[in-house]
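Keep in mind that the numbers below use all heavy atoms, side chains included, and drop hydrogens, waters and symmetry copies. Predicted model only: the values in this text are computed from it and were never measured.
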Amino acid sequence: PHACFLLQRGVKTLALRVARQNESALALARFLARQPAVARVYHPGLPGHPGHESARELFDGFGGMVSFELAGGTAAADRFLQKVTLPVVAPSLGGLETLVTIPARTSHAGMDPDERRAAGIADGLLRVSVGIEALEDLLDDFGRALAAADGA
């Protein structure tokens, strides 16, 4: 019964939360794409993404997941994780809070490194599940962590 209560309570605000995550993830993807420390950004809301046109036509929003690679590779990704403060470093698809992880060490750790690379998962790829925090706070935090990751 308690699980049903929690589900019913959460469904009431689901549309609002998903809309906020979609909006914030797209803004974060655009922000990351402009940063010199970032080598690649993967988000279907960006026009250069191979699934952009399909997502634009089929969906109401582009989702709350963003992945990116830093120009400094795995070492820069580690520095980024040490400096970012707002997201929780955890391997999950998220919730209310923003989460960040390195899939090569979590969700895809069981794959052979060559298989991961063939699947497009670089060792330093960072995956972000965007939450509903204030966008300005999230962008500021990512900006500071990127500067620290790039400058070390």
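- Atoms CD and OG, on E136 and S24 in that order, are 8.5 Å from each other to the nearest 0.5 Å.
- Going from atom CG of L146 over to atom NZ of K83 covers 13.0 Å, rounded to the nearest 0.5 Å.
- When every heavy atom of R20 is checked against every heavy atom of L135, the shortest pair comes out as NH2-N, 4.1 Å.
- Aromatic ring orientation, F142 versus F68: tilted (interplanar angle from 30° to 60°).
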Just do the side chain to side chain contact (heavy atoms under 4.5 Å, CB included) check on L138 and F31 with the steps written out, would you?
CA-CA 11 Å; L138 193 62; F31 170 81; over 6 Å; no

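- Taking a 6.0 Å sphere around CG of D114, one finds it holds more than 12 heavy atoms contributed by other residues, nucleotides or ligands.
- For N22 against G61, the heavy-atom pair with the smallest separation is ND2-CA, 3.8 Å.
- Atom CG of D60 is separated from atom CG of L58 by 12.0 Å, given to the nearest 0.5 angstrom.
- In plain terms, the two heavy atoms of M65 and A25 that are nearest each other are N-CB, 4.4 Å.
- At most 12 heavy atoms of other shown residues, nucleotides or ligands fall within 6.0 angstrom of atom CZ in R40.
- Here the shortest heavy-atom pairing between T74 and G124 reads OG1-N, 3.5 Å.
- A distance of 8.5 Å separates CD in E133 from CG in L96, rounded to the nearest 0.5 Å.
- By the rule that hydrophobic residues join a cluster once side-chain heavy atoms approach within less than 4.5 Å of another member, I132 and L86 end up as members of separate clusters.
- Residues P44 and H52 come closest through the heavy atom pair O-ND1, 2.8 Å.
- At least one donor-acceptor pair closer than 3.5 Å links the side chain of R116 to the backbone N or O of M111.
- L126 and L139 fall within the same hydrophobic cluster, defined by Ile, Leu, Val, Met, Phe, Trp and Tyr side-chain heavy atoms under 4.5 Å apart, directly or through other members.
- Across every non-hydrogen atom of E69 and Y42, the tightest pair is OE2-OH, 2.7 Å.
- Judged by distance alone, the side chain of R30 and the main-chain N or O of G45 form no donor-acceptor pair under 3.5 Å.
- V128 and F62 fall into different hydrophobic clusters, defined by Ile, Leu, Val, Met, Phe, Trp and Tyr side-chain heavy atoms under 4.5 Å apart, directly or through other members.
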Under the criterion side chain to side chain contact (heavy atoms under 4.5 Å, CB included), I'd like the reasoning laid out for I102 against L125: C-alpha separation, chi angles, the key distance, then a yes or no.
CA-CA 6 Å; I102 296 179; L125 177 76; 5.9 Å; no

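- L28 and V18 fall into different hydrophobic clusters, where Ile, Leu, Val, Met, Phe, Trp and Tyr side chains are chained together by heavy-atom contacts under 4.5 Å.
- No side-chain heavy atom of V11 sits less than 4.5 Å from a side-chain heavy atom of Q8.
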Please lay out, stage by stage, how R117 and D123 fare under the test side chain to side chain contact (heavy atoms under 4.5 Å, CB included).
CA-CA 8 Å; R117 279 189 288 282; D123 288 343; 4.0 Å; yes

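- L70 pairs in a side-chain contact (heavy atoms from CB on, under 4.5 Å) with only one of the listed residues (L32, V38, D78), which is V38.
- A side-chain contact (heavy atoms from CB on, under 4.5 Å) with P87 is found for one member of V84, V89, T85 and no other, namely V84.
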